[in-house]
Every structure is written in C-alpha cells, then in structure tokens.
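Note on naming: letters A, B, ... go to the chains in the order of the sequence lines (proteins, then strands), and numbering restarts at 1 for each one. For the numbers below, each heavy atom of this structure counts, side chains included, while hydrogens, waters and symmetry mates do not.
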Number of protein chains: 2
Amino acid sequence: MISGKFAITLHILTLLSKHPEEYLSSEFISASLNMNPVLVRKEIANLKRNNIVESKEGKNGGTRLLRNASDVTLNDVFKMTFDNVTLGYSKNRPNQNCPVGKQINEKLGNLYEDMNLKISKQLKDISLLNFADTF
Amino acid sequence: MISGKFAITLHILTLLSKHPEEYLSSEFISASLNMNPVLVRKEIANLKRNNIVESKEGKNGGTRLLRNASDVTLNDVFKMTFDNVTLGYSKNRPNQNCPVGKQINEKLGNLYEDMNLKISKQLKDISLLNFADTF
DNA sequence: CATACTGTAATATTTATAGTTACAAATATA
DNA sequence: TATATTTGTAACTATAAATATTACAGTATG
C-alpha cells in the first residue's frame with residue numbers, strides 16, 4: 001500500500017491556491033477530500049514545517065498559502081511527502097555470504113537514485129499554479 | 001509499505017543468470033534472499049506466467065531462465081511486478097461537487113502516466129545481463 | 001519405493017496506513 | 001468577558017496490505 005500523502009497534500013494546496021488570502025478551515029478542506037479533518041491538519045502541519053502555508057488558530061481561523069503558487073513546484077510537494085520513490089526492497093536482510101545477496105540492496109539503491117532524479121526533473125517543471133490552472 | 005516483488009524478482013533473476021542451464025531450487029534461492037521458499041515459488045510462478053523461466057518438478061527440480069539474460073530488461077521485470085508507479089491517491093472518493101475533488105484523481109493520473117513513461121524508458125535501457133554483470 | 005522437489009491453498013502474523021476521540025489552547029466577536 | 005469556533009496534538013482503534021507459515025498433493029529421479 002502506498003500512502004496518500006502526496007495526493008492529499010497536493011489537493012490541499014490546490015484548494016488553497018484557488019482561494020489566496022483566505023483562511024480555509026480543515027473542516028472545509030476535509031469536505032472536499034472526504035476525509036477526517038484531523039488527517040488534514042496533520043498534512044497541514046507538514047506544510048507548515050516547510051513554510052509553504054501558515055495557519056491561524058481560533059474562530060475564523062484556518063490555513064492559507066505563504067508562498068505564491070507559481071513559486072511552489074510539484075517537486076517541493078514530492079520532497080515533502082516522500083523520502084524517495086522506490087520499487088521496493090526485500091524485507092529481510094539478504095544472505096551476506098552470497099555475492100548477489102551481499103550487493104543487491106546497494107545495486108537497487110543506485111537504480112532507484114537515478115529514478116528519483118528523473119522524477120524530480122519532471123516534477124520541477126510543474127508549478128502549483130500550472131497544476132491548479134488545469135482545473 | 002511498498003511490496004518487495006520487484007526486488008525479489010530481480011534478485012531471483014540475477015541468481016538464475018549466474019547459473020544458466022542449471023535448475024536452482026526454491027530452497028537455494030530463498031537462502032540467498034533469506035526468506036520463505038513458498039514466497040520465492042510464488043514469484044517464480046509469476047515469472048513463469050511471463051515465460052521468463054521454466055521449472056521442473058520432482059527430485060533435482062528447480063527453475064532456470066528460458067530467455068537470454070541480455071534479452072530481458074528491467075522494464076520487463078517492472079511490468080511484471082507493478083501495475084505502475086504512483087505517488088498515491090487519497091483513499092476516499094473526493095467530493096464530486098467540488099471542482100477540485102471532481103478532477104483531482106484524473107489530473108494525478110495524467111501526472112503518474114508521464115512518470116511511468118520516464119521510468120520505463122530508464123529501465124528499458126538496462127538488461128538483466130547489464131544488471132547482473134555489476135555483481 | 002524413498003527422496004527431494006514444485007504448486008498451491010488456507011491461515012496467521014506483522015506492519016503500515018487511515019480514522020476516531022478527546023481535549024487543551026487560541027482567537028474573533030457579540 | 002463569555003461563547004463559539006477553530007487549530008494542535010496525543011492516544012487509541014480499525015482496516016488493509018504485505019509477508020510468513022503450515023500442510024499436503026503431485027511429480028520426477030535414481
């Protein structure tokens with residue numbers, strides 16, 4: 001199972017970019033996502049750590065973008081929500097006495113590193129504004 | 001959690017390519033992977049469906065490559081073990097009355113499709129022989 | 001015919017992800 | 001200043017996916 005963090009975070013950012021200057025509540029956002037507002041707040045906490053949004057507590061509070069939508073790329077969202085993409089590793093430590101077992105994870109790591117560079121390259125070219133404008 | 005199928009399958013193929021013509025038992029392979037032989041046999045079943053290997057039952061049985069290692073690419077392994085790579089979707093169906101909720105999954109799908117094309121392009125250029133030769 | 005394999009179903013275990021409940025703290029505004 | 005509304009977060013529960021195990025029928029070898 002792959003986590004929905006990237007999709008959820010991008011959904012939140014798209015909504016925020018459609019309402020710049022407004023503070024959107026986690027309740028409002030969670031209604032669009034059809035999910036629990038607490039989970040939305042958790043993803044927002046991550047966006048705050050990365051200085052992409054700011055929140056205001058209390059009545060009429062909520063969250064708004066701190067940065068211009070043209071200034072946030074999908075790669076920023078990717079880096080915020082994934083360590084990196086992989087095609088996975090076997091769960092157990094392979095046999096270190098086997099030449100293949102000993103090196104397989106390192107070789108896979110190299111492969112995945114290249115993959116992530118390519119993905120980052122793709123995502124860097126798409127700003128939140130680009131993405132949101134297709135809606 | 002991401003499944004280890006790709007890594008496990010590639011590990012198996014690497015071992016087989018190091019012993020062409022020999023039938024390797026699931027017991028032997030599972031010792032290198034340090035995992036249960038039944039799981040190895042399940043991944044081998046997948047390789048057989050894809051005509052990459054053949055197995056022989058009974059005493060001295062096991063599995064061997066059907067194709068030349070230079071003729072199998074990592075993209076073949078990828079296609080065999082993943083539907084496709086994604087950065088995920090939110091689990092619940094988003095609100096269809098919200099313009100963002102209504103279209104987000106389609107837009108994400110487009111993004112991921114591009115991503116998979118790039119990944120496939122990378123993996124097509126690496127044969128099992130290329131990969132195994134680095135060990 | 002004994003041994004050593006594969007094939008596969010059924011079940012159990014482990015782990016990751018998602019969801020819920022509860023409540024303290026903050027803020028607007030009546 | 002009292003009330004309503006909202007964030008922040010911890011603790012816990014539930015669900016789902018991945019992995020592991022057990023068991024045994026079927027098959028080939030020598």
Side-chain angles (χ1 to χ4, degrees), chain A residues 1-9 11-12 15-16 19 22-31 33-50 52-66 81-83 85-94, chain B residues 1-9 11-12 15-16 19 22-31 33-50 52-66 81-83 85-94:
Chain A
M1 204 193 344
I2 201 165
S3 144
K5 277 177 189 297
F6 176 85
I8 292 163
T9 300
H11 189 141
I12 293 170
L15 289 172
L16 294 177
H19 305 271
E22 260 177 85
Y23 285 97
L24 302 186
S25 73
S26 63
E27 195 72 41
F28 175 88
I29 295 169
S30 72
L33 271 152
N34 184 27
M35 75 184 329
N36 196 292
V38 174
L39 298 179
V40 171
R41 296 206 284 275
K42 278 179 186 168
E43 297 313 321
I44 286 174
N46 189 27
L47 284 164
K48 280 163 57 186
R49 266 194 297 282
N50 287 277
I52 309 289
V53 305
E54 64 175 358
S55 295
K56 198 172 66 171
E57 295 187 20
K59 194 170 179 184
N60 298 334
T63 300
R64 69 172 180 185
L65 276 179
L66 257 184
T81 54
F82 271 82
D83 288 333
V85 165
T86 83
L87 304 183
Y89 294 90
S90 184
K91 195 184 153 203
N92 299 333
R93 183 158 193 258
Chain B
M1 200 192 348
I2 200 166
S3 144
K5 279 177 188 295
F6 176 84
I8 292 163
T9 300
H11 189 139
I12 293 170
L15 288 173
L16 293 177
H19 303 273
E22 259 177 86
Y23 286 97
L24 301 186
S25 73
S26 63
E27 195 71 42
F28 175 87
I29 294 170
S30 73
L33 272 153
N34 183 27
M35 75 185 327
N36 197 293
V38 174
L39 299 178
V40 170
R41 296 206 284 273
K42 278 181 186 165
E43 296 313 322
I44 285 174
N46 189 27
L47 284 164
K48 279 162 57 183
R49 266 194 296 283
N50 287 276
I52 309 289
V53 305
E54 63 175 357
S55 294
K56 198 173 68 173
E57 295 188 18
K59 194 172 180 181
N60 298 333
T63 301
R64 68 174 180 183
L65 277 179
L66 257 184
T81 54
F82 271 81
D83 289 335
V85 165
T86 83
L87 303 183
Y89 295 90
S90 184
K91 195 182 152 205
N92 299 334
R93 183 157 193 258

With a 4.0 Å limit, can you tell me whether [X] has a side-chain N or O closer than that to the phosphate oxygens OP1/OP2 of [N]?
X: B/Asn60; N: D/dT27; result: no
X: A/Asn36; N: C/dT20; result: yes
X: B/Ser26; N: C/dT6; result: yes

For the side chain of [X], counting heavy atoms from C-beta on, which of [options] is nearest?
X: A/Lys91; options: D/dT19, C/dT21, D/dA28; answer: D/dT19
X: B/Val38; options: D/dA20, D/dT5, D/dT21; answer: D/dT21
X: A/Lys42; options: D/dA4, C/dA4, D/dA11; answer: D/dA11

- Message: Measuring only between side-chain heavy atoms, which start at C-beta, is B/His11 closer than 4.5 Å to B/Ile8?
- Response: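 B/His11 vs B/Ile8: side chains apart.
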
- pair B/Val40-B/Met35: side-chain heavy atoms closer than 4.5 Å: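 Yes. Closest side-chain heavy atoms under 4.5 Å.
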
- DNA chain C: A/Ile8 or B/Thr63, which has the more 5' nearest nucleotide?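 It is B/Thr63, whose closest nucleotide lies nearer the 5' terminus.
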
- For B/Lys56 and for A/Arg41, locate the closest nucleotide of DNA chain C by heavy-atom distance; then report the residue assigned to the nucleotide nearer the 5' terminus.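 With B/Lys56 and A/Arg41 compared, the 5'-side residue is B/Lys56.
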
- Euclidean distance, atom CG of residue A/Leu33 to atom C1' of C/dG19 [Å, nearest integer]: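 Rounded to whole Å, this separation is 14 Å.
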
- Message: Looking at B/Lys5 and B/Glu43, is any side-chain nitrogen of the basic one under 4.0 Å from a carboxylate oxygen of the acidic one?
- Response: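 B/Lys5 and B/Glu43: salt-bridged.
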
- Query: Which residue, B/Gly58 or A/Ile2, contacts DNA chain D at a nucleotide closer to its 5' end, judged by nearest heavy atom?
  - Reply: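 The residue whose closest nucleotide sits nearer the 5' end is A/Ile2.
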
- Message: Hydrogens and angles aside, do B/Thr63 and B/Ser55 bring a side-chain donor and acceptor to less than 3.5 Å of each other?
- Response: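 Side chains of B/Thr63 and B/Ser55: pair found under 3.5 Å.
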
